[in-house]
Amino acid sequence: MAKNISEKRLKIIAYFLSTIFLLIIIFPLFYIVSLSLQDDSEIYSYPPRLIPREGTSISIVMDYSKLENQSEGELKDTMLKDSTLAMYSTIYELNRETISEVKFYGTMDGKTVFYSRAHGLMLRLQLQFGTYTKARVSSKVLLANGKYLESAEALGYNFDINGLDRVYDIMELGKNRYSGQMGEYLKTAYNTEGDFKGTIAAYNSILLLENYKYYYLTPVYMYKNIPSIQKYSFFAFMFNTVITLVFAIVCEVVICSITAYPLSKLLSKKTSDKVLLYFLVTLMIPFVCIMIPQLILVKSWGMYNNYGGMLITWLYPYPFYIYLFKGFFDRIPNAYFDAARMDGSGELNTFLKICIPMSKPIITLIALQTFVGAWGDFFWYFLVANKPELWTLNVAIYTISKTSQVRQNMMMGLSVVTILPVLIITAVFSKQIKTSIMSSGIKG
């Protein structure tokens, strides 16, 4: 009885400690996701916020009934100007608020004839890298040289003099703390022509998730002269990453297994140990010692700033994987190979027909290890590929982070992009990883 009570106590303590350690491990990821969902005004707040506030949606309503004598084209142009001034000034003037969405309603005779909507990050991208790159927000700047037309096309709008199927809650109009402040600065500082009727404030957490859409679009705004990035955005970097991953996995599995086979089954133990020692000794050489010579060599071969330089280093087998393959092959009974040789099978055929089919656990383990290692590889790709169209995800995120206009929440959002694939792969293949480690004879 006492023994059972003692075992239960140990289990409770074990579960409690496991839960504590799990929370400690998960907390950094949780905080990164939290920062990525926060607004520019929140990320530098003190004390830091662990749970982001709901996104605020501001709807601005202006009436143009007094301009009914204007032509349809003139009226549309007036509303385009006012919507541009209202939407950008909201982000600029209320920069200490969590503004995640701005809507603009232009009305005439009680019906909505103009509507435009933009996410807060979209407006900030336009101010940082788009139509108004590094420009000061003022009525003169926003309307200069017809830029408001370019901005309106980028944000999107609807205009129909006969009325639009866009409605707002008139009962909530003006019943928020933003209306008075916005009505004053729109009329005095930005000189809008429509009659300001008020604002409607709403709150929605879904707007925070929409942040990721504009994190994804950030490279499109930053690298306007590179067609592949303009067309595919972050998928251009993902494509480069996938190329390096596939090449790395194939090379490490194929070359390391072929290298390990003769060490295990063809050479004498004494010779095999000496060759294996040579490979393992190379592990002790830091990358910084061979970095410059390797870069000079790659340049001399004409492989700088192209896929050749990024991929060629994977043609050298990783010594630890050779060691793992050899250890696994050593456990395969020699009787299989002797029988194959007696039947006249060549060594390559024996390797392909006997070794490889029996080596699925170790191949899975090494493929997953290579995936994780290659996914996190940064420095060599950073050295050998300076063209943005060749960047892997890690190089792209590092380079984007060095841009002064990029805020911490954007960097956290981009970081989540690089973390999630590894977490997903690990979660999906956790059972296979466990089985592979057990079958490969690795103990730890």
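Index from 1, following the sequence. Note that the structure is a prediction, hence the values are computed from the model and not measured.
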Kindly give the heavy-atom pair with the smallest separation between [X] and [Y], and that separation in Å.
X: Leu263; Y: Leu276; result: CD1-CD1, 4.4 Å
X: Thr90; Y: Ile99; result: CG2-CG2, 4.3 Å
X: Tyr132; Y: Val141; result: CE2-O, 3.8 Å
X: Val253; Y: Ser257; result: O-OG, 2.7 Å

Hey, is the main chain of [Y] close enough, under 3.5 Å, to the side chain of [X] for a donor-acceptor pair?
X: Thr218; Y: Tyr214; answer: yes
X: Thr56; Y: Tyr203; answer: no
X: His119; Y: Glu210; answer: no

Residue among Tyr185, Tyr190, Tyr88, Tyr178 satisfying side-chain hydrogen bond (donor to acceptor under 3.5 Å, both in side chains) with Glu93: Tyr190

N-O pairing of Glu97 and Arg53 below 4.0 Å: no

Carboxylate-amine/guanidinium proximity below 4.0 Å for Glu347 and Lys265: no

Looking only at the side chains, is there a donor atom on one of [X] and [Y] sitting less than 3.5 Å from an acceptor on the other?
X: Asp330; Y: Ser264; answer: yes
X: Ser36; Y: Asn211; answer: no
X: Tyr115; Y: Ser83; answer: no

Sub-4.5 Å side-chain heavy-atom contact between Glu101 and Asn204: no

Point-to-point distance, once rounded to the nearest 0.5 Å, from NZ of Lys299 to CH2 of Trp301: 15.0 Å

Proximity of Phe234 and Tyr215 rings by center, below 6.0 Å: no

Check residues 382-395 and write down every donor-acceptor pair under 3.5 Å in which the side-chain atom is one partner and the other belongs to a residue at least two apart or another chain.
{"residue": "Asn386", "atom": "ND2", "partner": "Tyr304", "partner atom": "OH", "Å": "2.3"}
{"residue": "Asn394", "atom": "ND2", "partner": "Trp375", "partner atom": "O", "Å": "2.6"}
{"residue": "Asn394", "atom": "ND2", "partner": "Asp377", "partner atom": "O", "Å": "3.4"}

Contacts table for residues 221-232: side-chain donor-acceptor under 3.5 angstrom, sequence neighbours left out:
{"residue": "Lys224", "atom": "NZ", "partner": "Phe129", "partner atom": "O", "Å": "2.7"}
{"residue": "Gln230", "atom": "NE2", "partner": "Val220", "partner atom": "O", "Å": "2.5"}
{"residue": "Gln230", "atom": "NE2", "partner": "Tyr223", "partner atom": "O", "Å": "3.0"}

